[in-house]
Peer 1: 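My questions will all concern the structure given below.
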Amino acid sequence: MNDETLLASAWRVRDHAYAPYSEFAVGAALLADDGRIFSGCNVENLSYGLTICAERVALASAIAAGARNFTAIAVVADTNVPISPCGACRQVMAEFHVPRVILANRSERLHFSLAELLPRATTGILDRAE
């Protein structure tokens, strides 16, 4: 599986985004270690706190299908610079150990490890001395 295939999946699903309030469509494609791709787009709600980001839609779809191990996620949007996941999405990606993050717009792509986007993600309230 190459990055082009993953990015193409993210761009395709972006077209299905439900973003009537912000008019800001985002697509994400998550690669499972078995080669399956799970896609997600943002789904807005009038009560904006109920909006769900494309990254979490892709992850929820993968989990619902039984996938638990991932190798990469691509996140795309029509922005001046490649879009970056929000903090909630970064934390959910950390929960499932997504190691590689590809962020892209129509002309540029950036590559990050999740550790670069969310340092110390596994040090928290559950990581304490007994």
Peer 1: When clusters are formed by joining ILVMFWY residues with side-chain heavy atoms under 4.5 Å apart, either directly or through shared neighbours, do Tyr48 and Leu50 land in the same one?
Peer 2: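 Tyr48 and Leu50: separate clusters.
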
Peer 1: Carefully, step by step, assess Arg68 and Ile63 under the rule side-chain contact (heavy atoms from CB on, under 4.5 Å).
Peer 2: CA-CA 6 Å; Arg68 294 290 187 276; Ile63 299 305; 3.5 Å; yes

Peer 1: Minimum heavy-atom separation for Val26 and Ala54, please, with both atom names.
Peer 2: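 For Val26 and Ala54, the tightest heavy-atom pair comes out as O-CB, 3.6 Å.
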
Peer 1: Going by salt bridge (Lys or Arg N to Asp or Glu O under 4.0 Å), name the pairs with one or both residues in residues 87-96, residues two or more places apart or in two chains.
Peer 2: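 Of all non-adjacent pairs touching residues 87-96, none passes salt bridge (Lys or Arg N to Asp or Glu O under 4.0 Å).
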
Peer 1: Same hydrophobic cluster for Phe112 and Val81, using side-chain heavy-atom links shorter than 4.5 Å among ILVMFWY?
Peer 2: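 Different hydrophobic clusters.
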
Peer 1: Can you give me the closest heavy-atom contact between Gly40 and Val57, atom names plus distance?
Peer 2: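 That would be CA-CG1, 3.6 Å.
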
Peer 1: So which heavy atom on Ser84 is nearest to which on Leu103, and how close?
Peer 2: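 Where Ser84 meets Leu103 most closely, the heavy atoms are CA-CD1, 4.0 Å.
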
Peer 1: Do Leu118 and Val92 sit in one hydrophobic cluster, given that two such residues count as connected whenever their side-chain heavy atoms are within less than 4.5 Å of each other, even indirectly?
Peer 2: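 No, Leu118 does not connect to Val92 through the hydrophobic network.
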
Peer 1: Check for me, please, whether Val75 and Met93 land in the same ILVMFWY cluster - side-chain distances under 4.5 Å, paths through other members count.
Peer 2: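 Result: yes, single cluster for both.
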
Peer 1: Are the side chains of Val43 and His16 in touch, meaning some heavy atoms are under 4.5 Å apart?
Peer 2: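 No - every pair of side-chain heavy atoms lies 4.5 Å or more apart.
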
Peer 1: Go through the structure and list residues passing salt bridge (Lys or Arg N to Asp or Glu O under 4.0 Å) with Glu116, not counting sequence neighbours.
Peer 2: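 None.
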
Peer 1: Could you give the distance from OH (Tyr18) to CG (Asn45), rounded to the nearest 0.5 Å?
Peer 2: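 Separation between the atoms: 7.5 Å.
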
Peer 1: I need the minimum non-hydrogen distance between Cys89 and Cys53, along with the two atoms involved.
Peer 2: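 The answer is SG-CB, 3.3 Å.
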
Peer 1: Sequence neighbours left out, what pairs pass salt bridge (Lys or Arg N to Asp or Glu O under 4.0 Å) with at least one residue falling in residues 10-32?
Peer 2: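 Qualifying pairs, neighbours excluded: Arg14-Asp78.
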
Peer 1: Could you tell me whether a side-chain N or O of Asn105 sits under 3.5 Å from a main-chain N or O of Thr79, the two making a donor and an acceptor?
Peer 2: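 Yes: the side chain of Asn105 pairs with the backbone of Thr79.
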
Peer 1: First locate atom CD1 of Ile102, then atom CD1 of Ile73, and finally report the distance between them rounded to the nearest 0.5 Å.
Peer 2: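 Reported to 0.5 Å precision, the distance equals 9.5 Å.
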
Peer 1: For Arg56, check side-chain hydrogen bond (donor to acceptor under 3.5 Å, both in side chains) against everything at least two apart and list the hits.
Peer 2: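 side-chain hydrogen bond (donor to acceptor under 3.5 Å, both in side chains) check on Arg56 returns nothing, list empty.
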
Peer 1: Could you walk me through whether Ile37 and Leu6 satisfy the side-chain contact (heavy atoms from CB on, under 4.5 Å) test, starting with their C-alpha distance in whole Å, then the side-chain angles of each, then the deciding distance to 0.1 Å, before giving a yes or no?
Peer 2: CA-CA 7 Å; Ile37 294 176; Leu6 197 60; 4.1 Å; yes

Peer 1: To the closest 0.5 Å, what do you measure between CZ (Phe96) and CG (Asn69)?
Peer 2: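 Between Phe96 CZ and Asn69 CG, I get 10.5 Å after rounding to 0.5 Å.
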
Peer 1: Between Ala32 and Ala67, which heavy-atom pair has the shortest distance, and what is it?
Peer 2: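 Where Ala32 meets Ala67 most closely, the heavy atoms are CB-CB, 4.3 Å.
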
Peer 1: How far apart are the C-alpha atoms of Leu59 and Phe70, what are their side-chain angles, what is the distance that settles it, and do they pass the side-chain contact (heavy atoms from CB on, under 4.5 Å) test?
Peer 2: CA-CA 10 Å; Leu59 277 155; Phe70 308 102; 4.2 Å; yes

Peer 1: What distance separates Leu31 CG from Ser9 OG, expressed to the nearest 0.5 Å?
Peer 2: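 Separation between the atoms: 9.5 Å.
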
Peer 1: Once rounded to the nearest 0.5 Å, what's the spacing between atom CZ of Phe24 and atom CD1 of Ile83?
Peer 2: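 If we round to the nearest 0.5 Å, Phe24:CZ and Ile83:CD1 are 3.5 Å apart.
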
Peer 1: Which residues satisfy the side-chain hydrogen bond (donor to acceptor under 3.5 Å, both in side chains) test with Thr5, sequence neighbours excluded?
Peer 2: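 Only Asn2 meet the side-chain hydrogen bond (donor to acceptor under 3.5 Å, both in side chains) criterion with Thr5.
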
Peer 1: Considering only residues two or more places apart or on different chains, which pairs with a residue in residues 32-53 satisfy salt bridge (Lys or Arg N to Asp or Glu O under 4.0 Å)?
Peer 2: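 Residue pairs passing salt bridge (Lys or Arg N to Asp or Glu O under 4.0 Å), neighbours aside: Asp34-Arg36.
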
Peer 1: Hey, quick one: are Tyr21 and Ile52 part of the same hydrophobic cluster, counting side-chain heavy atoms closer than 4.5 Å, chains of contacts allowed?
Peer 2: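 The answer is yes; both residues are in one hydrophobic cluster.
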
Peer 1: For Ala17 versus Ala25, what's the shortest heavy-atom pair and its separation?
Peer 2: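 For Ala17 versus Ala25, the nearest heavy atoms are CB-CB, 3.6 Å.
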
Peer 1: How long is the span from the CD atom in Glu55 to the SG atom in Cys86, to the nearest 0.5 Å?
Peer 2: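 It comes to 6.5 Å.
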
